[in-house]
Student: 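The structure's right below; bear with me while I get my questions together.
Quick note: numbers below take in every heavy atom, side chains included, and nothing from hydrogens, waters or symmetry partners. All chains are named by letter (A, B, ...) in the order of the sequence lines, taking the proteins before the strands, and each is independently numbered beginning at 1.
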Number of protein chains: 2
Amino acid sequence: MKAKYITIIDIARQLNISKSTVSRALTGHPNVKEHTRKAVMELAASMEYQRNSLALGFSKHNTNTIGIMVPEFMSTYFPSVIVGVQDVMQAAGYNVVICQQNESYESEVSNMKLLLSYRVDGIIVSHTKETRNFDHFTLAQRRGVPLVFFNRVPEDMNVPNVIVNDYEAAFQAVEHLILIGRKRIAHLAGPESLVNTRLRRQGYLDALKKHGIAHNPDLMLSYDLTTEKVKIYMKHFLELDTPPDALFAINDPTAIAAMEVVKAKGLRIPEDIAIVGFSNDFSAGLVHPGLTTVAQPTSEIGRTAAEMLLQEMRAKVKNDYTIKKAPTVQLSTRLIVRESTVPEEKGKKVMKSK
Amino acid sequence: MKAKYITIIDIARQLNISKSTVSRALTGHPNVKEHTRKAVMELAASMEYQRNSLALGFSKHNTNTIGIMVPEFMSTYFPSVIVGVQDVMQAAGYNVVICQQNESYESEVSNMKLLLSYRVDGIIVSHTKETRNFDHFTLAQRRGVPLVFFNRVPEDMNVPNVIVNDYEAAFQAVEHLILIGRKRIAHLAGPESLVNTRLRRQGYLDALKKHGIAHNPDLMLSYDLTTEKVKIYMKHFLELDTPPDALFAINDPTAIAAMEVVKAKGLRIPEDIAIVGFSNDFSAGLVHPGLTTVAQPTSEIGRTAAEMLLQEMRAKVKNDYTIKKAPTVQLSTRLIVRESTVPEEKGKKVMKSK
DNA sequence: CAAAGAATTGGGACCGTTCCCATGAAAAAA
DNA sequence: TTTTTTCATGGGAACGGTCCCAATTCTTTG
């Protein structure tokens with residue numbers, strides 16, 4: 001069952017030269033005679049020599065590999081961030097390994113240890129909704145492995161990060177609901193453990209305040225991002241004596257699950273209840289009616305995070321974020337208005353006749 | 001910029017014992033005095049010792065890590081297969097690293113080399129649509145690294161694989177269209193490089209034949225899975241003198257893109273044209289009308305592939321598939337009928353009044 | 001109490017590569 | 001031609017673990 005790999009020593013023996021020379025030839029060191037280099041390259045190719053990155057990383061103390069850890073990837077958000085990261089990292093000559101936590105804190109800790117034990121040169125992270133303890137992140141920092149966060153950033157850690165203007169985006173989304181005449185605007189907020197939850201909620205509250213609408217605590221619920229919970233909460237909202245006439249949901253899957261409840265009740269969207277989501281998942285454009293939502297520049301988020309990480313890794317003197325403010329990049333979002341808040345215009349409406 | 005990690009030698013020095021003893025204590029070797037073990041464990045914990053997997057894998061010749069390579073992950077298919085793989089592998093004590101190829105052959109080759117150079121113990125693969133050369137796969141086999149394929153399996157390689165009954169599923173899907181009275185059934189097939197394309201197409205052809213419907217070549221087009229192409233081809237179909245009254249699409253994104261074209265033309269689904277997709281992506285249930293499609297047991301595919309790989313890795317004597325038939329597991333699919341082929345029944349219909 | 005056996009520990013080879021230093025050969029300068 | 005410099009190569013330490021074997025200590029047993 002043991003795999004057999006060719007080593008530089010095999011090559012050296014065959015050519016009757018030293019492994020140092022083989023190593024030099026293979027890595028492109030200048031001091032190798034053209035003749036020798038050619039012989040080595042040819043033999044290596046014909047033997048299908050495959051360098052041992054374990055030995056290499058082990059001896060060189062850097063692996064030219066970065067890790068990216070995401071809490072889940074069933075929505076399109078994280079996958080498309082990852083694609084952005086890969087673009088930049090591939091161009092910079094780094095390998096990327098992906099870890100997925102399934103929203104489990106335990107997996108997060110073990111994936112972090114996996115990446116550290118493989119001595120990756122840096123890590124891009126978005127933490128799970130369960131994460132309340134950040135020791136595994138500070139451990140990486142103490143070990144000198146640069147970290148860059150995106151989307152879900154631990155609030156009391158000073159780390160480089162890429163975020164969007166959650167507060168303003170939420171404010172704008174809720175204001176949009178107000179401007180189309182809604183007064184009883186409900187909010188399904190995410191788990192308390194995520195910054196985004198707090199920022200978006202604050203945007204919601206401040207938009208109400210600006211327009212003189214009293215905040216009704218009965219219309220705001222936090223939950224932990226499972227579809228079943230959304231449905232229970234949404235039913236509860238609809239059964240209130242004076243049910244909401246609009247909903248601002250923390251993200252698109254939430255909004256879509258809520259839509260199902262509304263439709264099952266026989267209510268009309270947006271006439272009876274207008275709905276806004278967040279992130280512009282692929283599915284937001286597919287549901288019926290189309291979901292008004294806040295588009296995030298996903299692949300730009302990924303590219304920006306990757307570039308930040310490159311800078312951290314390339315820094316001659318490691319940045320010490322216990323004494324220095326960590327950089328933050330805030331990207332902007334865009335509200336995409338669809339039929340879940342503004343009904344189709346007659347002219348735009350798809351004709352049912354041939 | 002160099003990361004500083006604690007080693008077993010640091011621990012040994014502090015406790016004034018040999019590194020062998022530290023290693024034994026840490027790995028749970030029986031022959032260590034309880035007192036010593038405790039001291040080692042405590043010091044290791046307090047120093048936040050992190051074992052160096054590079055050194056370990058390097059010296060032990062196995063890394064307890066497997067790789068999984070997928071062509072893309074913007075649909076829900078691959079992510080949920082991955083989750084299945086992770087379930088099984090985590091339980092078996094293996095780490096999983098994920099690589100994503102963005103449907104690029106080049107990335108596939110370089111990811112394969114990455115995984116091999118990191119000496120993973122096994123790899124689960126679904127190849128890209130560009131892949132026509134399989135040398136990078138046979139290389140892994142020659143190195144003794146077990147491979148298990150799923151979904152997209154190279155036809156002329158004898159490798160363990162997990163597939164679904166593509167042929168029967170396609171046959172059944174097309175038969176469904178025939179049974180609801182459709183005669184001019186178009187087929188948008190995938191790229192020639194994928195087995196699935198051929199199997200599903202054959203199912204399509206044979207279903208037509210069984211029901212005495214002559215195959216009209218004008219109604220079948222192969223394309224390379226980009227949304228733009230789908231739209232062009234679908235427009236072409238609709239502009240034929242006698243346009244199709246049904247469409248069987250190679251997958252759900254294709255079906256959904258086609259639906260958009262149909263709707264933009266002002267045609268009704270399913271009255272004017274019935275549509276069937278493949279895979280039951282999350283989005284299939286969201287589009288309007290709901291898409292009839294073939295559900296694949298994604299997480300079971302992942303779990304099965306993982307178990308096959310475990311068996312390969314655990315085999316005392318490596319299976320030599322140049323002389324022995326490789327195992328195949330075929331899982332079954334299920335046709336999910338939605339409104340894109342059968343209109344909502346009155347009773348089932350969502351009531352629009354309160 | 002001596003001898004044998006078991007339990008615990010230490011010593012050091014090994015894994016594949018890089019890289020520094022030494023050596024030898026060839027080329028350039030004196 | 002001799003000396004110096006440059007180029008090409010070889011030798012061997014280092015990286016952080018595991019693991020086998022030898023050495024030591026502690027128990028048993030005759």
Student: From C-beta outward on B:Arg24, which listed nucleotide comes closest to its side chain: D:dG16, D:dC20, C:dG16?
Tutor: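 From the listed options, D:dC20 comes nearest.
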Student: For B:His61 and D:dG16, what is the distance between atoms NE2 and C1' respectively, to the nearest whole Å?
Tutor: 14 Å
Student: Which listed nucleotide (C:dG10, D:dT9, D:dG16) is nearest to the side chain of A:Asn31?
Tutor: D:dT9
Student: Quick one: does any side-chain atom of B:Asp121 pair with a main-chain N or O of B:Asn62 as donor and acceptor, under 3.5 Å?
Tutor: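 Checked: no pair found.
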Student: Measure up the B:His127 and B:Phe137 rings against each other and bin them: parallel (under 30°), tilted (30 to 60°), perpendicular (over 60°).
Tutor: tilted
Student: Quickly work out the A:Asn64 CG to C:dT18 C1' distance and round it to whole Å.
Tutor: 15 Å
Student: Check the distance between C:dC15's P and B:Asn62's CG and give it to me in whole angstrom.
Tutor: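 Atom CG in B:Asn62 sits about 16 Å away from atom P in C:dC15.
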Student: Pick the nucleotide of DNA chain D nearest each of B:Lys33 and B:Gln50; which residue has the one closer to the 5' end?
Tutor: B:Gln50
Student: Nearest-Å distance, NE2 (B:His29) to C1' (D:dC20)?
Tutor: 11 Å
Student: Could you please name the option among D:dG16, D:dG17, D:dC15 that lies closest to any side-chain atom of B:Phe58?
Tutor: D:dG16
Student: Closest approach to the side chain of B:Thr36, judged atom by atom: which nucleotide of C:dT9, C:dG16, D:dC19 is it?
Tutor: C:dT9
Student: Figure out the NE2/C1' separation between B:His35 and C:dT9, and round it to whole Å.
Tutor: 13 Å
Student: If you only use heavy atoms from C-beta on, which nucleotide in D:dG17, D:dT18, C:dT18 is closest to the side chain of B:Lys60?
Tutor: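 The answer is D:dT18, which lies nearest to the side chain.
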Student: Verify the ring-centre separation between B:Tyr5 and A:His61: is it less than 6.0 angstrom?
Tutor: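 So the answer is no for these two rings.
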Student: Just N and O in the side chain of B:Ser23: are any of them under 4.0 Å from OP1 or OP2 of D:dT18?
Tutor: yes
Student: So which nucleotide from D:dG17, C:dC19, C:dT18 ends up closest to the side chain of B:Leu56?
Tutor: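 Of the candidates, D:dG17 comes closest.
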Student: Are any of the side-chain heavy atoms of B:Ile6 and A:Arg143 separated by less than 4.5 Å?
Tutor: yes
Student: Respond yes when some side-chain nitrogen or oxygen of B:Thr21 is under 4.0 Å from OP1 or OP2 of C:dG10, and no when none is.
Tutor: yes
Student: From CD of B:Glu34 over to P of C:dT9, roughly how many Å is that when rounded to an integer?
Tutor: 11 Å
Student: Do you know which two heavy atoms are closest between B:Gln141 and B:Met157, and how far apart they sit?
Tutor: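 Between these two residues, the closest heavy atoms are OE1-CE, 3.4 Å.
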Student: Can you tell me which nucleotide in C:dT9, D:dG10, D:dC15 comes closest to the side chain of B:Val32?
Tutor: C:dT9
Student: Once you measure the plane-to-plane angle for A:Phe58 and B:Phe58, does it fall in the parallel (<30°), tilted (30-60°) or perpendicular (>60°) bin?
Tutor: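 The arrangement is tilted - the two ring planes meet at 30° to 60°.
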Student: For B:Leu26 and D:dT18, what is the distance between atoms CG and P respectively, to the nearest whole Å?
Tutor: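 Taking atom P of D:dT18 as the reference, CG of B:Leu26 is at 7 Å.
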Student: For a quick test of reading the model, state the closest non-hydrogen atom pair linking A:Glu108 to A:Thr128 and the distance between them.
Tutor: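 Scanning both residues, the minimum pair turns out to be OE1-N, 2.9 Å.
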Student: Is there a residue in residues 7-18 of chain A whose heavy atoms reach under 4.0 Å of DNA chain D, and which residues are they?
Tutor: A:Asn16, A:Ile17, A:Ser18
Student: Quick one: does B:Lys19 reach the base of D:dG17 with a side-chain donor-acceptor pair under 3.5 Å?
Tutor: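 In this structure, the two groups form a donor-acceptor pair.
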Student: Stepwise, does the side-chain hydrogen bond (donor to acceptor under 3.5 Å, both in side chains) test hold for B:Arg303 with B:Ser299?
Tutor: CA-CA 6 Å; B:Arg303 287 198 305 273; B:Ser299 88; 2.9 Å; yes
Student: Specify the residue among B:Tyr49 and A:Arg37 whose closest nucleotide of DNA chain D lies further upstream toward the 5′ end.
Tutor: A:Arg37
